[in-house]
Amino acid sequence: MSAAETLMNPAAAAPAEAAVPVANPSDPYERQAQTFPRLTDEQVARAKAFGRVEELPKGTVLFSRGDRTVDFFLLLEGDVEIYEDGPDGEPNVFTVHGKHQFTGELDLFNDRDILVGGRMGSDGRVVRMSRPQFRRLLTAEPDIAETIMRAFILRRVGLMQHAQGAVTLVASRSHAVGDGLRVQRFLSRNGYPLRVLDLEHDGAAARAVLDANGYGADDLPVVVCGPGRVLRNPTNAQLASCLGIMESIEPDAVFDVAVVGAGPSGLASAVYAASEGLSTLVLESEAPGGQAGTSSKIENYLGFPTGISGQALAGRAQVQAQKFGARIAVPRTVARLDCDRRPYALHLDDGSQVHAKAVVIATGARYRRLGQVENADRFEGGNGIHYAATAIEAGLCEREEAAVVGGGNSAGQAAVYLSRFASHVHILVRGEGLAASMSDYLVSRIEASDRITLHTHTEVAALAGERHLERVTWRNRRTGAEETRPVSNLFLMLGAVPNTDWLKDCGVALDDKGFIRVGGAGEEGDPRWEGRAPHLLETSRPGIFAVGDVRAGSVKRVASSVGEGSVVVSSVHQVLAGG
């Protein structure tokens, strides 16, 4: 029986006398009607008008892993096999699309390398649509678009859960831990399927991969992108280039608006700008979601009564922006903004430039580091000190004590989430308590948990360990009493430092903490303003806006960031129109 037959009918894989496996509701492959839907005859008739009908013989390759800008195929007759390359180089078919089903997943909304291959499993007829034709279909036929969008999102989740079309990471819990975590975070947050082999836990398999590629334990982490493409401790940019995540940007292109940063505010700007017909480019240095993307669950965001993880929210927003035509370039770091000419020139850290008529700065803020604590630098980079509490970090805390420093909502969400894995979680705050800085629902949950202890008037005094953090000492600032606990993972969620260093040559006005001032009057008589007043979210430079956490006086909440990101597009329109 083929892998495809097993997937389409999981019960068929088991012997007759075996128990029927229990369905996993979180597995998209268990939701066949949504993940692999069939369009109705009437929907197919409408969709045919957007492409051309082709007759294709069995074995015709429609697309291969690593291709870019592939076409969309709707099956009229026959079937299409979706496959990944097996370890022996032979195709491993893991699903089959039949009559009135369609090919594709999220990479049809961007220009990244696709993850899998597709070929005709039998003689058949298809409707082939180019990318522009596919976008017109989504715009003109909303009911079909809804079916396709849901299927694409679920298919990507399925690829990630089953490590299909995946890259292999060989890492270690005891050697070069920080870089291994960095690679894992980068791929996970960018929605890339990943197979992790831990040298200690998956010894034989991990060593086999290393030996086959001429590497050893001292070379970790090692990433196998594909046949003959192996990277030793790659940077995020090298990894993105090897896997085809990094999209090329035409050097002579001029965008209506460039959004710097893909947190909630930046993604909201991209959605509204692209949906209103503006050519939109988003530049993100790491992954969509920003600080909010690392939240385990956001429970006070409108419309999600049971909560939503920051990564899920960011992933949906990214797809929404790309559906409308926004381009999201990752990882692309803006090193400098040239404000002395229009269109504005954004200089990237790889030496290239991007030009835009308007710029929306949505670079957010980062958590503060431990200031005067000795050895803190040694444990940065994943060796015990973390600035996010996702499933990756939570896995490191299983049956161990963990500590969270900070009293805001992010710290509360982290503590509650980590308490599901750690033997105990300590929250350290310098103030009287949590009520002044944390939402009540989180305070109540922390107070009710017997696995979380709040330490008020407390600060970190010392860190100890060899390669990795092993012990944390904290001190009560009132009594001077110190306590040392076997904490190997410390989560810092302290205050906010704006990401504005790259603006120092531009002359955008900042407040005394480095946040961007908006809405103030331009210098009297300055010809750059052409006799008008700045818009509400406009900086001291015409056509340059600031939204979200990077803006001076922002509320530091996801909902307000999304609101600002959407509202600013109205002002961008007026600036582009000369107003």
Side-chain angles (χ1 to χ4, degrees), residues 69 108-111 131-132 134-140 142 145 149 247-284 288 290 314 316-330 332 334 337-339 341-346 348 352-364 508 516 518-519 528 530 532 534-539 541-548 550-551 561-579:
T69 60
L108 248 69
F109 292 121
N110 54 54
D111 290 324
R131 290 294 181 91
F134 175 60
R135 290 192 183 280
R136 285 196 289 273
L137 168 68
L138 297 182
T139 300
M149 290 286 292
E247 300 182 36
S248 60
I249 304 173
E250 301 80 5
D252 56 346
V254 178
F255 294 88
D256 289 327
V257 57
V259 181
V260 186
S265 58
L267 290 171
S269 294
V271 168
Y272 279 84
S275 67
E276 294 174 16
L278 300 181
S279 59
T280 305
L281 174 68
V282 182
L283 300 163
E284 168 55 45
R316 295 181 185 190
Q318 178 183 5
V319 174
Q320 194 174 12
Q322 291 175 327
K323 181 189 79 169
F324 289 121
R327 296 178 59 181
I328 301 178
V330 177
R332 298 282 187 167
V334 180
L337 177 58
D338 184 353
C339 299
R341 56 174 173 163
R342 303 280 292 271
Y344 291 117
L346 297 97
L348 308 186
S352 61
Q353 294 183 26
V354 170
H355 298 90
K357 301 172 186 176
V359 176
V360 175
I361 301 171
T363 46
V508 168
I516 301 175
V518 298
R528 291 177 299 195
E530 299 176 350
R532 69 172 178 86
H535 293 281
L536 180 64
L537 296 169
E538 198 167 14
T539 70
R541 292 283 188 166
I544 299 178
F545 302 84
V547 294
V550 76
R551 179 182 65 80
S561 293
V562 170
E564 291 181 18
S566 58
V567 166
V568 75
V569 175
S570 174
S571 298
V572 170
H573 274 293
Q574 294 180 55
V575 168
L576 294 179

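Worth saying up front: this structure is predicted, and the values here are computed from it rather than measured.
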For Val257 and Val359, what are the C-alpha separation, side-chain angles and deciding distance, and is it a side-chain contact (heavy atoms from CB on, under 4.5 Å)? CA-CA 5 Å; Val257 57; Val359 176; over 6 Å; no
Would Val354 and Glu250 count as a side-chain contact (heavy atoms from CB on, under 4.5 Å) if you check the C-alpha gap in whole Å, the side-chain angles of each, and the deciding distance to 0.1 Å? CA-CA 8 Å; Val354 170; Glu250 301 80 5; over 6 Å; no
Test side-chain contact (heavy atoms from CB on, under 4.5 Å) on Phe134 and Leu108; report intermediate values, then the result. CA-CA 9 Å; Phe134 175 60; Leu108 248 69; 4.1 Å; yes
Stepwise side-chain contact (heavy atoms from CB on, under 4.5 Å) check, Leu278 with His573: CA-CA 9 Å; Leu278 300 181; His573 274 293; 3.6 Å; yes
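The main-chain N or O of Phe109 is found under 3.5 Å from a side-chain atom of Arg135 such that the two form a donor-acceptor pair. In this structure a side-chain-to-backbone donor-acceptor pair under 3.5 Å is missing from Gln320 to Ala317. One N or O on the side chain of Ser275 and one on the backbone of Val271 form a donor-acceptor pair closer than 3.5 Å. In this structure, the side chain of Ser265 does not engage the main chain of Gly565 through any donor-acceptor pair within 3.5 Å. Not one N or O on the side chain of Arg551 forms a donor-acceptor pair closer than 3.5 Å with the backbone of Ile361. Of the possible polar contacts, one joining the Arg131 side chain to the Asn110 backbone as a donor-acceptor pair under 3.5 Å is found. A donor-acceptor contact shorter than 3.5 Å is absent between the side chain of Glu284 and the backbone of Ile328. Remark: side-chain polar atoms of Ser566 are not paired, donor with acceptor, to backbone N or O of Glu564 under 3.5 angstrom.
Considering CG of Asp338 and NE2 of His355, their distance stands at 8.0 Å, rounded to 0.5 Å. Remark: Tyr344 OH to Ile544 CD1 distance equals 4.0 Å, nearest 0.5 Å. Note that CZ of Phe324 and OG1 of Thr139 are 8.0 Å apart. Values are rounded to the nearest 0.5 Å. With values rounded to the nearest 0.5 angstrom, Arg541 atom CZ is found 9.0 Å from Leu337 atom CG. Distance check, rounded to the nearest 0.5 Å: CZ of Arg332 to CG of Leu346 gives 12.5 Å. Interatomic distance, Tyr272 OH to Leu267 CG, rounded to the nearest 0.5 Å: 12.5 Å.
Considering every non-hydrogen atom in both Met149 and Val319, the closest pair reads CE-CG1, 3.3 Å. Across all their heavy atoms, Ala345 and Arg341 have their closest contact at CB-NH2, 3.4 Å. Nearest heavy-atom pair across Pro343 and Ala356 is CB-O, 3.3 Å. Arg532 and Pro542 get closest at one heavy-atom pair: NH2-CB, 3.8 Å. The nearest pair of heavy atoms linking Gly261 to Val282 is O-CG1, 3.9 Å. Nearest heavy-atom pair, Val259 versus Ser269, reported as atom, atom and distance to 0.1 Å: CG2-CB, 4.2 Å.
The number of heavy atoms from other shown groups lying within 6.0 Å of CZ (Arg316) does not exceed 12.
Here the side chains of Val508 and Ile516 are in contact, with some heavy-atom distance below 4.5 Å.
A side-chain donor-acceptor contact under 3.5 Å links Ser279 and Asp256.
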